[in-house]
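These notes concern the structure reproduced below.
Letters A, B, ... mirror the listed sequences (proteins, then strands); counts begin at 1.
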Protein chains: 6
Amino acid sequence: MGRMFGYGDIQLFAGSASLDLAKEISDYLDIPLSEHDLVEFSNENLFVRLHGSVRGQDVYVIQSLSSPLHRNIMELLIMIDCLKRDSAGRITAVIPYMAYARSDKKDQPRVPITARLLADMIEVAGADRYMTIDLHAGQIQGFFSIPGDVLTAFHMLSDYIVKKKIEHAAVATVDLGFAKKGRNFAAKLGVPLAFVEKRRSRDDSRARATTVIGDVADRNVILVDDEVLTSGSILEAAKIVREHGARDIHLSFTHALLVPPSSQRLAEAGLREIVTTNSISIPAEKRLPNMTVLSVAPLLAEVIIRAHEGRSVGALFNE
Amino acid sequence: MGRMFGYGDIQLFAGSASLDLAKEISDYLDIPLSEHDLVEFSNENLFVRLHGSVRGQDVYVIQSLSSPLHRNIMELLIMIDCLKRDSAGRITAVIPYMAYARSDKKDQPRVPITARLLADMIEVAGADRYMTIDLHAGQIQGFFSIPGDVLTAFHMLSDYIVKKKIEHAAVATVDLGFAKKGRNFAAKLGVPLAFVEKRRSRDDSRARATTVIGDVADRNVILVDDEVLTSGSILEAAKIVREHGARDIHLSFTHALLVPPSSQRLAEAGLREIVTTNSISIPAEKRLPNMTVLSVAPLLAEVIIRAHEGRSVGALFNE
Amino acid sequence: MGRMFGYGDIQLFAGSASLDLAKEISDYLDIPLSEHDLVEFSNENLFVRLHGSVRGQDVYVIQSLSSPLHRNIMELLIMIDCLKRDSAGRITAVIPYMAYARSDKKDQPRVPITARLLADMIEVAGADRYMTIDLHAGQIQGFFSIPGDVLTAFHMLSDYIVKKKIEHAAVATVDLGFAKKGRNFAAKLGVPLAFVEKRRSRDDSRARATTVIGDVADRNVILVDDEVLTSGSILEAAKIVREHGARDIHLSFTHALLVPPSSQRLAEAGLREIVTTNSISIPAEKRLPNMTVLSVAPLLAEVIIRAHEGRSVGALFNE
Amino acid sequence: MGRMFGYGDIQLFAGSASLDLAKEISDYLDIPLSEHDLVEFSNENLFVRLHGSVRGQDVYVIQSLSSPLHRNIMELLIMIDCLKRDSAGRITAVIPYMAYARSDKKDQPRVPITARLLADMIEVAGADRYMTIDLHAGQIQGFFSIPGDVLTAFHMLSDYIVKKKIEHAAVATVDLGFAKKGRNFAAKLGVPLAFVEKRRSRDDSRARATTVIGDVADRNVILVDDEVLTSGSILEAAKIVREHGARDIHLSFTHALLVPPSSQRLAEAGLREIVTTNSISIPAEKRLPNMTVLSVAPLLAEVIIRAHEGRSVGALFNE
Amino acid sequence: MGRMFGYGDIQLFAGSASLDLAKEISDYLDIPLSEHDLVEFSNENLFVRLHGSVRGQDVYVIQSLSSPLHRNIMELLIMIDCLKRDSAGRITAVIPYMAYARSDKKDQPRVPITARLLADMIEVAGADRYMTIDLHAGQIQGFFSIPGDVLTAFHMLSDYIVKKKIEHAAVATVDLGFAKKGRNFAAKLGVPLAFVEKRRSRDDSRARATTVIGDVADRNVILVDDEVLTSGSILEAAKIVREHGARDIHLSFTHALLVPPSSQRLAEAGLREIVTTNSISIPAEKRLPNMTVLSVAPLLAEVIIRAHEGRSVGALFNE
Amino acid sequence: MGRMFGYGDIQLFAGSASLDLAKEISDYLDIPLSEHDLVEFSNENLFVRLHGSVRGQDVYVIQSLSSPLHRNIMELLIMIDCLKRDSAGRITAVIPYMAYARSDKKDQPRVPITARLLADMIEVAGADRYMTIDLHAGQIQGFFSIPGDVLTAFHMLSDYIVKKKIEHAAVATVDLGFAKKGRNFAAKLGVPLAFVEKRRSRDDSRARATTVIGDVADRNVILVDDEVLTSGSILEAAKIVREHGARDIHLSFTHALLVPPSSQRLAEAGLREIVTTNSISIPAEKRLPNMTVLSVAPLLAEVIIRAHEGRSVGALFNE
């Protein structure tokens, strides 16, 4: 056990987007969830009231920024303001899935950088630290001036695949922005790497050509990505690698947004297995028969207890 | 015409909650609305792209914080971030109706002050100024460190009532927090003032007693408030003043939230006339036959042009 | 006893405006006041020197913002700067009476919001938290971004009145801005509520009409307010409720500014009893025979010890 | 004449500590003082109301931080807040005499640095720039993060002395902290330099020995300093240089605080001439027959007009 | 010509790392460089003194963050502080090459994010805007809260290649983090894309395997990257694509750091042509016979004049 | 032993400019230095990686800002950023010698205040406190808004001189800005004070006259200053006091920058003894036979342990 620190006890609060995950973390740590009221008035205003005091405590608010997105963002911010004004000792925003991560740069003129705006909002509300998993771009850490623990489900997912002992495998990325992480995945498995490249036509900007770079013929392909939204790209990628001679196709990703018609498309895609995590709560109706959902609760719980006790997080979880 | 200032031309942007109002302001000022794309992706992420440059311009974003509330808040913040990063000369958030204004103090322990949080969010996004109408509590101005113009629909509404030449009138407030403003209303009309008081029972906190303080017998009563949400209090107030002998009952308020079953209740309440404003967009189906909606567009437009030209706002609009 | 926290021991410092109150708090907590020099040079510059170190300690500076007002504000700020630069662990500004609370909004154009300015000054000096009693407007809490405990003397004062068992009583507010708190007072006593309304003439802005709204005939009236300055309004209110048939008149308020000719007016007003607190130090010559001064020292002391030990404040003191 | 800039017209506001000086500046620039009300309520609260709008204007508030010190500080801050909230284009705090300049470092443990606190207060109130004369320590400029013009009366004072053509002169500093500036003064006049040294006894900390370092025998000595408070040091210095054989003694300094019994002491000191400035308003009763008061109004006025027009200040005024 | 804005004239300052480039920009705009002294004292302290005033002007400081790196960073910051304290109207840091861009995330525990630190340093020094070219990661824009123009040399470089009309070409990226930009390059040319993949051995972390993914046989390969440091990766990439059957090899990149033994390696690599820019000053001895250096001066100059006049930058320069 | 506080254990990190001093402090406190990698890449970018976690710890980074100056500044800032992002409990920058201290005011127009810039950079990087020795100007403390301990080597140096029992001594300052501290030195020794005055000619600004003010004839003179750079002034001062009849000349100063040709000049100056400290690391080749180097390690170590345990620093070390 770690030594005592300058903050009081751990208090865990479950945001409404992460009730199940928070419960799992609570069970893992054997620390009950702290109670609070969350009221939504008829004017949609959210209101929060803590049942007990958090003065000087080491507080963790667990809230994934999933759908309904903006309500969940505001709920998180209001919780943080409420905890700050009740003189919490330290407030950590535990955000298994960070929203707006693709609005992280101006790749065309006259657009916002909403991921930085969101980081500023979390800081101005009063968070002292944050914790998240597999940011779309690691640089988003730099949008925060407060310290944070950016964890990865990479090991959970790749260990799971390794255990499957897939013969004659190859890793393929669906998005070129994921190329480096795809390489790490392939290196962990010790298999070749390929890329699905989408390119707009020079003549017709709506027409897109999809090709495979690298060799997938006769290989069992593991498609890897960080998040899956509507599964459109996945379906397209599965089709093109199959056209290039791939055999079984597996799919691995961290954040299961799974917006309709994602489930239908994933079912159509003829995948051998889908492995993902519960960083976003996946309702029963979205859980396909060939889908395995690994829990990030032990990962988050271990980091929470280490952060509380001032022990190293890196020692256990980093690549 | 005013003299030239350090900012470029006025640019008006219409937020999706205030399209009609922004169009009215645009027409009044004879300045076309600046164009921009607003995209909502399947993951609910909002994305904004300005069609033209705002470098150095004097920009006004018009967005009421009405339903869908949190999406509208985020849209406003993203617009501001986008304008800031395109080097706008000055950004004014024109917010005819400010949300979360009732979460403006800790009247019990362990609750947030969301109105201050919202002010901080608007500032951290990059607004240089704000403009709003009839804040629930004037102190919310102090939640902002940036300058703002807090306008009032008081004159529009009371002038309208004055012109009705209602005989033997009295003003009654529905909420004791509106007592002072009710007094001003009554003073403007030169009529007596009364209060509808709601009080929780000492024995049963859910039971509430409603009484009238002051004399309304045989008087035509004008109920006044700042906003109407579900109309529950209005219905109750109309009933109790009628029980105390009131004759015709009029209703005057600024912000028409009119959440169901508000329309039904207002219809049942047997009011002679309802007068309100379009600070919040009122769809046709909520416009009752006895409802008059005054436009705040000229008010906002005049303040925008004065703010742009550096002329006094107070000279025209304050009490 | 509470558990140990991240700060060192409590240290109490008495500002020169609250020497007696600080001594009472010190006695209640059995913690001696920490010593410091306060020098006023011939150029009016204040200078502070702590006798002992406050490194890492949990420090409370007790200073009411009463007369001489601006000197006392500066003394508080200099104390905070001095404690910050000596590396205090946590600095709480205990301000039983907060000044400038009526300059809390722009109710006319081209005026300041000095209450927000004061909050910013306290924060920029280095306070980590603040503590105060019965703010004129609860929203002033939102002027601070640091956490605070806004306590109330409501229970002390109303409990005292309850024990008096005044027959056939009514509560009347002197100021319509106090209407809601007056309602709470009346509800606690289970008696009717009335209002003294002051209204400027429409024809002559200097002429004011004073009336009573609600029924006070044959009732023993308890006038309630948050602070009493020159007692002009009190005298006026006592006169008008008496004209409306009131019998005995009591007066209850938290902050006894009692600027001349307040004592004379209170003596003339023919009040049965005046009950107030020592949030502001009341010198002997201002203590009238019919005045009861309740001490806020136990209230503040209990909150200090709870804040230090991380125990709930709300559990004991809130309505 | 300079070219037009991004701000509107100059507006000059006179703080109550600098009414005469502000009037002189106004006359020099041929720009009338802007009008405002300054009210002091019976609770000592100051209240400010501008008569006209300052939207977008280039505003200068002229206020020396002289006695009554803390009231004058607060008046300045409230003026700035008021101007900021009325959307002034740029606010310059013109502070001919800056207070608390000797509380500029921790030369012993557990003391404040009030000069930095004051700079932070001026910034947090909303000043965009500041302007002052002969800071006690030039480093105080670095306490501000906003730009400032720190002017000097050095040229005015030394030019005046030069014109006197004092034969066989020497310059002597009263305070060793003024040694470098004394050297500049002596260099300008082309005369030798001497120092009055005060030293605490090693045996008795209250006993102080005063000596002269350098040669003043048979010389007409010009004592120089930045400010004169009670004149105790001056009297002492005059005495010791006379004991060391000095002939006529002149005195030159910028800021005339002249706290009693300063006038009496200066009269007793047998000085040939005293030359100072009106950076602090000097009432008639403090003006001794042998005192010459040079006006800083032209200096401030020239800098204001240059700052407004974006012309170089250094070109005219620096050493 | 553009319309006038709230700032004065453009003033251009050349940092010592970008003297030639600044001169080119000055010539292009026909605006002379503003003069200033830059002194390096024997204690290495840098000192800056502007020759003329910048009050209210629109100032651009041009300084690439190239070798000597830390001295150049500090020179830039000191210039900004100096301009701020001289009341510049607007300060734009023009940084053709941004340093520390690879320290942009924590990809292992217990490391800094120096790129964010650098952004904060530029902001705290007082820059109002920044301008740079081809950031290593676009997300670094989000490290700034001030607006910026992140330009690209992509069009200059790809247009140059297009004009070469290279037959049977392919684009290959040297770094998987450049995969997306490589795709854009290939799409612009309408040719296939390949990747050089480096992978650490699972058994020996120092051993690395390099492979080519995609087809380069018999193709003229254009290697693309954002910056070239020691050319080690380039040499390796040239070798491996040649082993995979590539014919001529071209190299295109924006930032020519060219640290020894870069020139030697580039000479050895047998490249057909090297095309780069002068974002970093390239001394004559590093300019190889087969190297073409395109100037970014017209690009920066056009953006400066558009930023000054408030015209759109995006209209001309974005993809 | 002190009582436990809200931070974890002390961790000491040695910056590359203070390796020896940090080792001495580590030995004194019997706390091993914490390990970290410091890499300098071929592009001069510095990179830091901590070997162990600092979560919640009380961390001290020891780094003098000596040559190579700007690299050492950046190394310090990167260390602080790294510690902050690893969630250190408290970060103290221990800077025995602070750079840029002479750029502490605008004594001419259009120059920077780099010492304030440096303070802001240290704060924005994330330092919670700082510690330094003998600032050139004490006011630099006020450039920081974080608390700091500014220690002095005055006692070490003057005690050393006192023990030498130098007969018929006098103290002389080399710089008039050091006049007050020179007085304190002389007072401690109970000997007279003199000044070496340098003055620019009125006719030729490059010509300078050097004189002695005060009596040094037949006295053993102790020259005192805060730092010695090239020893030019020292050589000049030694020459002039010798011309005025001084016998032995000693030299005492805190910070030994000793830039060439300092050693040669000090050797030529014919000084009896040179006493200084190791606030800056002095390599063997700069250590002259008549030079005594006192260690500041015990001083810093004692303050570190007191700061950690919350004990008074002033009690031991201040004048």
As a quick check of understanding, evaluate side chain to side chain donor-acceptor pair (under 3.5 Å) for B/Glu236 and B/Thr210, giving each step before the final call.
CA-CA 8 Å; B/Glu236 199 175 8; B/Thr210 305; 2.9 Å; yes

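- For the residue pair A/Ser233 / A/Lys198, a side-chain donor-acceptor distance below 3.5 Å is found, with atom types taken as modelled.
- A/Asp134 places no side-chain N or O within 3.5 Å of a backbone atom of A/Thr254 that could act as its donor or acceptor partner.
- Counting heavy-atom pairs closer than 4.5 Å to chain A, the top residue among B/Thr114, B/Ile78, B/Val54 is B/Ile78.
- A heavy-atom distance below 4.5 Å is found between the side chains of B/Arg71 and B/Glu40.
- Of the atoms belonging to B/Leu83, not a single heavy atom falls under 4.5 Å from chain A.
- Proximity to chain B involves both the backbone and the side chain of A/Ser53, based on heavy atoms less than 4.5 angstrom apart.
- Residues forming a side chain to side chain donor-acceptor pair (under 3.5 Å) with B/Lys84 (at least two apart in sequence, or on another chain): none.
- A side-chain donor-acceptor contact under 3.5 Å links B/Gln141 to the backbone of B/Gly138.
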Taking it one step at a time, do B/Lys286 and B/Ser262 satisfy side chain to side chain donor-acceptor pair (under 3.5 Å)?
CA-CA 9 Å; B/Lys286 289 187 179 173; B/Ser262 186; over 6 Å; no

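- Residue B/Phe41 does not touch chain A at all, counting heavy-atom pairs closer than 4.5 Å.
- The residue among B/Leu257, B/Asp81, B/Val124 with the most heavy atom pairs within less than 4.5 Å of chain A is B/Asp81.
- Here the side chain of B/Asp128 pairs a donor or acceptor atom with the backbone of B/Ile91 at under 3.5 angstrom.
- Highest contact tally toward chain B, considering only A/Met79, A/Glu44, A/His36, A/Arg116, is held by A/Glu44 [criterion: heavy-atom pairs under 4.5 Å].
- When B/Leu77, B/Asn72, B/Ile73, B/Leu117 are compared by the number of non-hydrogen pairs under 4.5 Å with chain A, B/Leu117 comes out ahead.
- Of the possible donor and acceptor atoms, none in the side chain of A/His70 sits under 3.5 Å from a partner among the backbone N and O of B/Leu69.
- When atom types are taken as modelled, the side chain of A/Asn278 and the backbone of A/Val296 share a donor-acceptor pair closer than 3.5 angstrom.
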Report the C-alpha separation of A/Ser64 and A/Met98 in whole Å, then their side-chain angles, then the decisive distance to 0.1 Å, and conclude whether the side-chain contact (heavy atoms from CB on, under 4.5 Å) test is met.
CA-CA 7 Å; A/Ser64 245; A/Met98 184 74 74; over 6 Å; no

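- Within residues 223-231 of chain A, the residues that have a heavy atom under 4.5 Å from a heavy atom of chain B are A/Leu229, A/Thr230, listed by number.
- Considering only heavy-atom pairs separated by less than 4.5 Å from chain A, the leading option among B/Val111, B/Asp86, B/Asn45 is B/Asn45.
- In this structure, chain B has heavy atoms under 4.5 Å from both the backbone and the side chain of A/Leu46.
- When heavy atoms are compared at a cutoff of 4.5 Å, B/His51 approaches chain A solely by way of its backbone atoms N, CA, C and O.
- Considering only heavy-atom pairs separated by less than 4.5 Å from chain A, the leading option among B/Ser67, B/Ala125, B/Ala99 is B/Ser67.
- Only the side chain of B/Val259 comes within less than 4.5 Å of a heavy atom in chain A; its backbone stays farther off.
- At a 4.5 Å heavy-atom cutoff, the contact between B/Ile113 and chain A is made by backbone and side-chain atoms alike.
- Between A/Phe144 and A/Tyr130, the ring center distance clears the sub-6.0 Å criterion.
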